[in-house]
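Since the structure comes first, as C-alpha cells, the remarks are kept for the end.
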Amino acid sequence: MPDEHRYPDEQREAVYRVIAERRDVRQGFRPDPVPADVLGRVLAAAHQAPSVGFSQPWDFIVITDRSRREQIAALARRHRDEFAAGLPGARARAFDRLKIESILDTPVNIVVTCDRTRGGRHTLGRHVQPQTADFSSVLAVANLWLAARAEGLGVGWVSFFDERELAAQLRLPAHLEVIAYLCLGYVTGFAPEPELATAGWARRRPVSWAVHAEEFGRRGLPGEEPVDPIADVIAAIAPPDAAAMTAAQGRQDRMTKPRGSLGMLEEVSVRLAGLAASCPAPLPEPACVAIFAADHGVHAQGVTPWPQEVTAQMVANFLAGGAVVNAFAAQVGAEVTVVDVGVAAALDPVPGLLPRKIAPGTADFTQGPAMTREQATAALTVGLEIARDLAAAGNRCLVTGDMGIANTTASAALICAFTGADPAEATGRGTGIDAVTYARKVDVVCRGLELHRPDPADPVGVLTAFGGFEHAALAGFILGAAALRVPVILDGVISGAAALAASALAPDVTAACFAGHRSVEPGHAIALSRLGLTPLVDLGLRLGEGTGALLALPLVQSAARALRDVATFDSAGVTEKQ
Ligand SMILES: Cc1cc2nc3c(=O)[nH]c(=O)nc-3n(C[C@H](O)[C@H](O)[C@H](O)COP(=O)(O)O)c2cc1C
C-alpha cells in the first residue's frame, strides 16, 4: 500500500484542522498567564523545525517584563505612525481601524532570531543560498504558531520594527538577526478568517491561482485541466444584476431629493449596484490607479516630437511621485502602481513598480505586426493578473492609467480597426503636433490598416497588429476587474482603445466600466460611443497617465455613498411632492 504510513483519519484531520484554524491574533487576548509547561511544549515544537544543513540557526528570547515590552511597543508605535502617514486616504482610514500588535495585551512575547554563521562555512545548502538560514528560522516560527493553536494560544506576528533598533533594545549579539517578534496569550476566540480579510483589507487568492503545472503560468490544480486565465476571466464576466439595478433605481426615487436630480450620478449608482449584484453597492474604495507603461515601434515613423526615452523618464517620475497623476491620486486618496509591460529600457527595481516586461517595446506596425500573438496573450494575462492582485490587496475600485510615447498613434489604429472609423477622424494630435506631423500620423494609421486589414472579430489579432503592450495589458486589466465585479474607471483614448478590445472579447465587460472623462483626442469619443459609455468629466484633458479617470473617482464614490447613506422619504419623515 503506497499510503501505509498515513495517519488514522482523525489524526490527519487534526493536522489539517490546526493548519486551517491557525490565525494571526491581535484582538481578544486574555491576561491569564501561560503555564511554563505549555510554553515549553510550544518552544520544543519550534525547535523541531527543519533547517538548512541541520544548522538550527534559531534562538528564542522569551520576554515577559512589562517595562521592556513598553519600550518595544513604543518602537512599533512609531513605525505604525510612519506607515500610516504614507497611506492614501481610504487606506489610511481602514488602517486606522486595524490593530497591528498586541505587545502589551499578551503576557508573553517571543523573539525568534537567526544565526547565519552557526554551523560554520560548510553548512550543507547554505553555501549557495545564504538566505536559507533565515528560511529555517521562519519554519521554526511556523511550527510554534501551529503548536500554539493546538494549545489554544493565540499568536500575533509584529513586523513594525526597524530591525537594528529592536536588536539594540534586546541587546542581541551582532551576529544574530531578528526573524520574528511574536505575541502569545490565551484568547477569547479564534476568528474563522484572517482579520485582514474580515476587515476588507485583503482577500484570499483561490488556490488554483497559485498552482502551476510544470511551468510558471500554466495554472491549474492537479487532476484538473490547466486553467486558461483569459478564457476563465471571459467566462466569469456576467451581465449586470437586473434585480439590484431595479432596487437601486427604486431607492434613488425614494431618496430625499427630487427624482432624477442627481442626473448622471443616479445612473452611476444604479450601474454600481448592478455590477455588485447588491443594493446599495459597496463603496468603491480604496482605489488604485495602475499605470501600464510601454514603448512603440511606430515611434520610428516620426509620429511625435517626443523622444522614446521619455517613457522611461516618466515612469521614474511616477515612482518618485512627481507627475500630475501622483498629485491627483494624492488629492483623491488613490494608490499609484506602475507596471512596466514593455518599456524600451531596463528599469531599476523600486517599490511601486511591477516588472512585467513582455519585450522592450513593440515592433513598427507599418512594417509588420506590432507583436506576436503569444506576446498579446501574455500582455492580456499580465493585465488580468494585476487586476486580481490589486483586488486581492483590498482595492474596490481600479483606475486605468498609461504611459507610452507614440501610444495615441497605436490607439487611433486600434479604434479604427474595432469601429471602422476613418483614420482622419479617429487620429488626434496627441501631445500636440504640427500639421506636417499630423498628416504623417494619419498616413501611418492608414498604412497600418492597409497592411494588416484587421478583423474586429479577432480582438487578439487586432492587438497583435497594432499593439501596444499597454493596450493589451489594459484590456486584460479591464476584463479582470469585470470578472471580479470590481468597477474600473477608464481614463482617455488609450483606455478607450483597450476597452474596445476587452468588449470585443467579452461584451458584458462594459457593465464594470465607467468612463472617467472625455479626452480631446477625437478617437476617444468614437470609442466611448461604441462602448455606450458617457464620460463623467469633460475638461479638455489630453494627458493620459490616469489623470482624467482619477478626477472622476470622487464622483463615482459620491454616487455610491449617496445611494447607501441618503435617507428615504419614509425613513426621514419628509413629505413628498404631490
Ligand atoms: C512575516 C509576517 C509578518 C507579519 N507582520 C504583521 C504585523 O506587523 N502586524 C500584524 O498585525 N500582523 C502581521 N502579520 C500577520 C498577517 O497579517 C496574517 O498572518 C495574515 O493576515 C493572514 O492571517 P492569518 O495568519 O490569520 O491566516 C504578519 C505575518 C507574517 C507571516
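Atoms within each ligand, like the ligands themselves, are counted from 1 in listed order.
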Atom indices of ligand 1, in the order listed, that fall short of 4.0 Å to a heavy atom of V158 = 7 (C), 8 (O)

Are R219 and D232 ion-paired here, with the side-chain N under 4.0 Å from a carboxylate O?
-> no

Any protein heavy atom sitting closer than 4.0 Å to atom 20 (C) of ligand 1?
-> no

Among T198, D24, L182, L196, whose heavy atom sits nearest atom 24 (P) of ligand 1?
-> D24

How are the rings of F95 and W201 set relative to one another: parallel (under 30°), tilted (30 to 60°) or perpendicular (over 60°)?
-> tilted

May I ask you to decide if the ring planes of F60 and H47 are parallel, tilted or perpendicular, using 30° and 60° as cut-offs?
-> perpendicular

Could you tell me whether some N/O pair between P194 and ligand 1 is separated by less than 3.5 angstrom?
-> no

If you measure from atom 16 (C) of ligand 1 to every heavy atom of H79, R22, R26, R23, which option wins on shortest distance?
-> R26

Could you walk me through whether D59 and R118 pass the salt bridge (charged side-chain N to carboxylate O under 4.0 Å, His left out) test, one step at a time?
-> CA-CA 11 Å; D59 284 276; R118 189 168 295 155; 2.5 Å; yes

Judging by distance only, is a nitrogen or oxygen of E101 under 3.5 angstrom from one on ligand 1?
-> no

For F160, the ligand 1 atoms with a heavy-atom partner under 4.0 Å come out as 8 (O)

Looking only at heavy atoms of K99, does any of them come nearer than 4.0 Å to an atom of ligand 1?
-> yes

